[in-house]
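Structure, as structure tokens:
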There are 2 protein chains.
Amino acid sequence: MNISEAGERAGLPAKTIRYYEEIGLIRPGRGPNGYRRFSEGDVHRLAFLGRARALGFGIEECRALLALYSDEDRASADVKRIAEEHLEAIEAKIALLAGMRDTLRELTRACAGDARPDCPILRDLGAD
Amino acid sequence: MNISEAGERAGLPAKTIRYYEEIGLIRPGRGPNGYRRFSEGDVHRLAFLGRARALGFGIEECRALLALYSDEDRASADVKRIAEEHLEAIEAKIALLAGMRDTLRELTRACAGDARPDCPILRDLGAD
DNA sequence: CTTGACCTTCCCGTCACGGGAACCCTTATG
DNA sequence: CATAAGGGTTCCCGTGACGGGAAGGTCAAG
């Protein structure tokens, strides 16, 4: 099948698929006209990548996960380690954002939000 | 004062300050030797920017906030609107990350993490 | 006079694509 | 048969907010 059908079935835009080929995540065949030809296996790998990306794994983590996926002799410990490190990174991001959220909630709560210039938000940002 | 002292006092690296000048967030003077000269006001604006960035505001939001900060006739409603929109964006990011976190927690919990190849994480990613 | 610590500009790399140009291939239709 | 639509291809630029590093000018101290 061509790239747009593969994209529909894997849930990825064609641009993304071309990019994944460029960086070596997939290797679709080529027809005599130069068009990429995707096998069922290619679509399966693409869908795998789409789900891994949806969980926030970076490209290099996806590459490692895909290699483990194809390796019958893998140790699940290797997979788990990657997932746990990623989980920790996500939890750190959440903690950072939650701090911002709490401050912003407090500041917006305290701000009248009317026509007057007095504003606790700007006071906080401009605090010496 | 020169850029490194301004950076120390505002808590920003010199590279960042040069970037802020390049995109027009600040306009420090110049000495006869071509060095940037920072006033107390410059340092104050830089510190303002540093705090706004620490709350996750984007550069253009910082530009708008800085303009409102310098405007004696501002309406606090304008500031509040920017902050509330940003707050919503942050809450959306947190929700997205929390979803990933929950899935990853469940998957890593279910994974034995030993030498065997059987792995719920890869099963999930490869699910048809 | 030289050393070393500053400062300057300029350019490349980040991360994972998206937009768009310029051009080729295939299929359907008048 | 000519053409138009709707695929596909490569290539290049832009994103956000800087960081790293090169090449070179400036300044204070020993």
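Per chain, numbering begins at 1; letters A, B, ... match sequence-line order.
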**Request:** Just call it for A:R36: base, sugar-phosphate, or nothing, with non-hydrogen atoms closer than 4.0 Å on any strand.
**Result:** sugar-phosphate
**Asked** Toward the 5' end of DNA chain D, which comes first, B:P32 or B:G56, by nearest nucleotide?
**Response** B:G56
**Item:** Nearest-nucleotide pick for B:R53, side chain only, options being C:dC17, D:dT9, D:dA17
**Value:** D:dA17
**Complete:** Nucleotide by nucleotide, nucleotides 19-24 of chain D touches protein heavy atoms under 4.0 Å in the pattern (B base, S sugar-phosphate only, - none) SBB---
**Request:** Would you mind telling me which of D:dG7, D:dT26, C:dC6 lies closest to the side-chain atoms of A:S4?
**Result:** D:dG7
**Message:** For a quick test of reading the model, state the closest non-hydrogen atom pair linking B:R36 to B:N2 and the distance between them.
**Reply:** O-OD1, 3.6 Å
**Message:** Whether B:Y20 contacts D:dC18 is assessed here as follows: a side-chain N or O lying under 4.0 Å from the phosphate OP1 or OP2. Is that the case?
**Reply:** yes
**Request:** Let me know the distance between CZ of B:F38 and P of C:dC6, rounded to the nearest Å.
**Result:** 16 Å
**Asked** For residues 71-90 of chain A, which residue pairs qualify under side chain to side chain donor-acceptor pair (under 3.5 Å), counting only residues two or more places apart or in two chains?
**Response** A:S76-B:D114
**Asked** Can you check the B:E21 CD to D:dC18 C1' distance for me, whole Å?
**Response** 15 Å
**Prompt:** Starting at CD1 of A:I17 and ending at C1' of D:dT10, how long is that distance when rounded to a whole Å?
**Reply:** 17 Å
**Prompt:** Nearest to the side chain of A:Y19, which nucleotide is it out of D:dT26, D:dG7, C:dC17?
**Reply:** C:dC17
**Message:** If the cut-off is 4.0 Å, is B:R30 near the phosphate of D:dT26, judged by side-chain N/O to OP1 or OP2?
**Reply:** no
**Qualifying side chain to side chain donor-acceptor pair (under 3.5 Å) pairs with a residue from residues 23-35 of chain B, counting only residues at least two apart or across chains** = B:E21-B:R30
**Request:** Whole angstrom is fine here: how far is it from CG in A:L25 over to C1' in C:dC17?
**Result:** 13 Å
**Prompt:** Side-chain contact, heavy-atom cut-off 4.5 Å: B:L107 with A:L55?
**Reply:** yes
**Prompt:** Tell me, do A:L65 and A:Y69 make a side-chain contact under 4.5 Å, heavy atoms counted?
**Reply:** no
**Message:** With a 3.5 Å distance limit and no angle check, can you tell me whether B:R18 reaches the backbone of B:I3 through a side-chain donor-acceptor pair?
**Reply:** no
**Message:** Taking B:A127's backbone N and O only, do any of them form a donor-acceptor pair with A:R51's side chain (distance below 3.5 Å, no angle check)?
**Reply:** yes
**Message:** Rounded to whole Å, please give me the gap between CZ in A:R18 and P in C:dA21.
**Reply:** 15 Å
**Prompt:** Rounded to whole angstrom units, what separation is found between the CD atom of A:E22 and the C1' atom of D:dC12?
**Reply:** 12 Å
**Message:** Checking contacts here: which listed nucleotide (D:dG25, C:dC17, D:dA17) is nearest the side-chain heavy atoms of B:Y35?
**Reply:** D:dG25
**Message:** Nearest whole Å is fine: how far is D:dC27 P from B:N2 CG?
**Reply:** 10 Å
**Request:** Return no unless some side-chain N or O of B:N33 is found under 4.0 Å from OP1 or OP2 of C:dT8.
**Result:** no
**Request:** Return yes if some donor-acceptor pair links the side-chain N/O of A:R45 with the main-chain N/O of A:L25 below 3.5 Å, else return no.
**Result:** yes
**Prompt:** NA contact type, A:I23, heavy-atom cut-off 4.0 Å: base, sugar-phosphate, or nothing?
**Reply:** nothing
**Complete:** note: B:I3, atom CD1; D:dC18, atom C1'; distance rounded to Å ~ 13 Å
